[in-house]
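For reference, positions follow the sequence shown, starting with 1. Both backbone and side-chain heavy atoms feed into the values below; hydrogens, waters and symmetry mates do not.
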Amino acid sequence: MDEEREQGILFESIHVKKDGTYFPVEISSRLITIEDHKFYQGIIRDISERKKAEEKIYNLNRIYAVLSQVNEAIIWTKSWDELFDRVCDIAVRYGKFNMVWIGLLDGKKDRIIPVSSRGTTDDYPDDITIKNSDEPEEQDPAVSAIKQGKGIIYNDIMTVSKNTSWRKKLLSLGHLSMASFPLKHERKIIGVLNLFSDKEDFFTDEEIPLIEEIVLNISFALETFNKDAQRKGAIEGLTSSENKFKTVFESANDAIILTEDRKFIDFNLKTEKLFGYTRNELLNSTTADISPKRQPDGILSSEKSNLLITTALNGKPQRFEWVYRKKDGTLFDAEVSLTSFHLGERLLLMAIVRDITEKKKANEEIKEALKRAEELNRMKSIFLANMSHELRTPMTGILGFAEILYNELHNTDQKEMAGIILRGGKRLTSTLNSILDLSRIEADKMELSSETVNLSDLATESVKFFEAAAKEKNLTIKAETENNVLAYIDYKIMEQVLSNLIQNAVAYTERGSIIVKVITEKVNDLDYSSVKVIDTGIGIPENYFKAIFEPFKQVSEGFGRRFEGTGLGLTITRKFVELMNGEIMVESELGKGSTFTVRFQSVPRHNL
Ligand code: ADP
């Protein structure tokens, strides 16, 4: 005890002045010895000022704590509601406020609806109706803060006019001071933060700017939340109105990416799978991020995509092929369509990306197969042409000597045998000639020498050549020609065309006539020079019209075959006609006859 006294004691106390006011004091007391006498020395110091300063520091620390806690909450919270709850919590816990509430203006802006509150809330706050009064004290401070767009502070509610509706309520809840600060979003006031304390003069000049900073940070957070929410909600936003789109979006087999300001703001699962990135990695990426540096044409992916995007944003949907790069570095070809659309006031771009690697591969394979087939066909034709030539040369010898024998022999039996050799040889030669022609055409070895041919004269000549054969079958044959019908064609080839057609007409007609007409006609406003070979023969079933122009196809095939022939004649004829830029067609009626028409577009006279 003595020791303690030696060292002295120090304590604080409250003293009362003569006028009744209290003031804080610091009392230090210790035992001192003067000339062997012990004395207590007491020093009483008025510490009002120091106390005030200390309180100020304490209060500021409080607000600083609120500020830092709110900033942290801004980072971690994900929505407005969550943030409002956290702010109220923090203000009560760290800011030592009695009560805190946040209210938002409703859509019509005539009510403030409390969205979060903490502390001695009791049944306050209710919705506050905003009256049309400019008398500040008539209105709840929350309304004044919103109306005036600035912080409203009452540091002593006791002194507020007794007529105000809210004074009694606040005092009954033990609030002695209060402040309301407007909350803004996109530069518009959307709500209010209200703080209450059970101490008067709670809001000091140092403290108010800090609270304003807190309010500013909250407002700032609302902006970013909103952007995030809009981004995340791009598709959610569509959900309500466009359920179908949502289904397509999620189930599509194509990657669908929504971009805003060139950044990916939403995409379906297929996108993640196709590119091999996670959702977070892809969010906010750009096309260039998932493309090789350059596209196959050498243009920078970033430049090219910017151009395409800009055009699409200007309302012109784009379709193009693009090379992308997956996360693992592999490149792939895709077909992309870009379309812009409005979502509320936002202009979004939708990219549908289809992986066409397989399609490309298949196309390449088909092209390759086609090339091989063409090459094989060409080789076959060359082979046939060579073979036919090899067969034809000895045939010339056989035919020549068979003819001599036929003419020289007088023994009837022997003459007949020679005759069979001769006819068989002729048929074989004609077949070989057909094969040779077809092979030549297919091997692209046919050379045309075009000139202006008088079709009228050519037809008349050709008919003469078949008069004997027709007479043998009791058929009449004649040419009916307009004068000087001209065509720019190969004479020899046209001669063969006509000969094939007239030969068929004679072969497939049992009675009646064969007429070869040469006319000029107008078809679809175009002038044509046409040759028509008209017979009254057996006719051709309609379903054979196409087949008869194909190699080896005959109407009577197999066991029912009644006529000699190879089925090559019309195939060659058609190829000849097409080689000369003409057309061939058939009209026919079973049992009544057939008409084969060959026509060439007329060449203007001055070009002849
Ligand atoms: P073919 O050597 O068999 O005559 P084509 O290619 O010239 O070969 O003709 C094919 C088939 O078309 C013939 O077998 C025949 O059935 C039919 N055909 C061709 N011309 C006529 C025609 N004028 N009248 C009836 N049938 C015809």
Side chain to side chain contact (heavy atoms under 4.5 Å, CB included) assessment of L455 paired with L486
CA-CA 6 Å; L455 280 179; L486 306 178; over 6 Å; no

Sort out for me which residue in L498, V463, V531 forms a side chain to side chain contact (heavy atoms under 4.5 Å, CB included) with L458.
L498

For the CG atom of L422 and the CD1 atom of I398, what is their distance to the nearest 0.5 Å?
11.5 Å

Check whether any side-chain N or O of S291 sits under 3.5 Å from a backbone N or O of S301 as a donor-acceptor pair, and report yes or no.
no

K464/E461 salt bridge by N-O under 4.0 Å criterion
yes

In this structure, OG1 of T452 is separated from CG of N484 (nearest 0.5 Å) by 12.0 Å

Test item: K592 side-chain N/O and T536 main-chain N/O as donor-acceptor pair under 3.5 Å:
no

Going by the rule salt bridge (charged side-chain N to carboxylate O under 4.0 Å, His left out), which residues pair with R354 if we only count those two or more places apart in sequence or in a different chain?
D254

Student check: side-chain heavy atoms of L348 and S340 closer than 4.5 Å
no

Pairs involving residues 399-413, ordered by first then second residue, that meet side chain to side chain donor-acceptor pair (under 3.5 Å) (sequence neighbours left out)
none

Taking all non-hydrogen atoms of both residues, which atom of G539 and which atom of S588 are closest, and how far apart?
CA-OG, 3.3 Å

Using every non-hydrogen atom in the two residues, find where A351 and L338 come nearest and quote the distance to one decimal.
CB-CD2, 3.5 Å

Classify the side-chain pair E521/S530 by whether it contains a donor and acceptor separated by less than 3.5 Å.
yes

Look up atom CG in L399 and atom NZ in K426, then write down how far apart they are to the nearest 0.5 Å.
7.5 Å

Worked verdict on L349 versus L258 for side chain to side chain contact (heavy atoms under 4.5 Å, CB included):
CA-CA 6 Å; L349 198 68; L258 297 185; over 6 Å; no

At what distance, to the nearest 0.5 angstrom, does CZ of R599 lie from CD1 of I584?
11.5 Å

For E578, check salt bridge (charged side-chain N to carboxylate O under 4.0 Å, His left out) against everything at least two apart and list the hits.
R574

Minimum heavy-atom separation for V485 and S529, please, with both atom names.
CG1-CB, 3.5 Å

From the options L501, I534, N504, I477, select the one residue that forms a side chain to side chain contact (heavy atoms under 4.5 Å, CB included) with I514.
I477

Donor-acceptor contact below 3.5 Å, side chain D355 vs main chain A334:
no

Is the side chain of E482 donor-acceptor paired with the backbone N or O of T520 at a distance under 3.5 Å, no angle test?
yes

Side-chain heavy atoms of R325 within contact of I290, under 4.5 Å:
no

Heavy-atom count check: over 12 atoms from other residues, nucleotides or ligands less than 6.0 Å from F320 CZ?
yes

Is there a salt bridge (charged side-chain N to carboxylate O under 4.0 Å, His left out) between E480 and K532 once you walk through the steps?
CA-CA 10 Å; E480 286 179 4; K532 288 174 189 282; over 6 Å; no

Note: T429 and M395 closest approach over all heavy atoms is OG1-CE, 3.8 Å

Pair T311-N314, side chain to side chain donor-acceptor pair (under 3.5 Å): steps then yes or no:
CA-CA 5 Å; T311 322; N314 284 336; over 6 Å; no

Salt-bridged, E374 to R372, with N to O below 4.0 Å?
no

For the pair D261 (side chain) and K263 (backbone), establish whether a donor and an acceptor sit closer than 3.5 Å, ignoring hydrogens and angles.
no

Taking atom CG of D289 and atom CG of L282, what is their separation to the nearest 0.5 Å?
9.5 Å

Which of these, T286, T310, T287, sits in a side-chain hydrogen bond (donor to acceptor under 3.5 Å, both in side chains) with R262?
T310

Could you report the tightest heavy-atom contact between K316 and Q318, atom names first, then the distance?
O-NE2, 3.0 Å

Can you confirm whether more than 12 heavy atoms, excluding those of K326, are under 6.0 Å from its NZ atom?
yes

To the nearest 0.5 Å, how far apart are OH in Y508 and OG in S594?
10.5 Å

Please check if the side chain of D328 supplies one atom and the backbone of T330 the other of a donor-acceptor pair under 3.5 Å.
yes

Are the side chains of D333 and Y324 in contact, using a 4.5 Å heavy-atom criterion?
no

Donor-acceptor under 3.5 Å (D490 side chain, S450 main chain):
no

Can you tell if the side chain of I538 reaches within under 4.5 Å of the side chain of L590, non-hydrogen atoms only?
no

Check this for me: K415, atom NZ, are more than 12 non-hydrogen atoms of other residues, nucleotides or ligands nearer than 6.0 Å?
yes

In this structure, are over 12 heavy atoms from other groups packed under 6.0 Å from F465 atom CZ?
no

Using ring centroids (six-membered ring only for Trp), state whether Y528 and F600 fall under 6.0 Å.
no

Yes or no on side chain to side chain contact (heavy atoms under 4.5 Å, CB included) for R346 and I265, after CA distance, side-chain angles and deciding distance?
CA-CA 12 Å; R346 305 160 66 194; I265 57 162; 3.8 Å; yes

Do Q295 and E321 touch side chain to side chain, with heavy atoms closer than 4.5 Å?
no

Does T573 use its side chain to pair, donor to acceptor, with the backbone of G569 at less than 3.5 Å?
yes

Is it true that atom CD of E416 has more than 12 heavy atoms of other residues, nucleotides or ligands lying nearer than 6.0 Å?
no

Under 4.5 Å between any side-chain heavy atoms of I540 and F596, yes or no?
yes

Under 6.0 Å between ring centres: does that hold for F264 and Y277?
no

Does a side-chain heavy-atom distance below 4.5 Å link M494 with V598?
yes

Where do K304 and R294 land on the side chain to side chain contact (heavy atoms under 4.5 Å, CB included) test, with the steps shown first?
CA-CA 9 Å; K304 201 171 177 183; R294 290 175 191 277; over 6 Å; no

For N268, does its backbone N or O pair with a side-chain atom of T271 as donor and acceptor, under 3.5 Å?
yes

Would you find a donor on one side and an acceptor on the other, under 3.5 Å apart, between the side chain of T278 and the backbone of E281?
yes

Would you please test F332 and F275 for ring pair (Phe, Tyr, Trp, His ring centres under 6.0 Å) and show each step?
CA-CA 10 Å; F332 70 95; F275 289 92; 5.6 Å; yes

What are the two closest non-hydrogen atoms of G315 and P317, and how far apart are they?
O-CD, 3.3 Å

Can you tell if the side chain of K473 reaches within under 4.5 Å of the side chain of V506, non-hydrogen atoms only?
yes

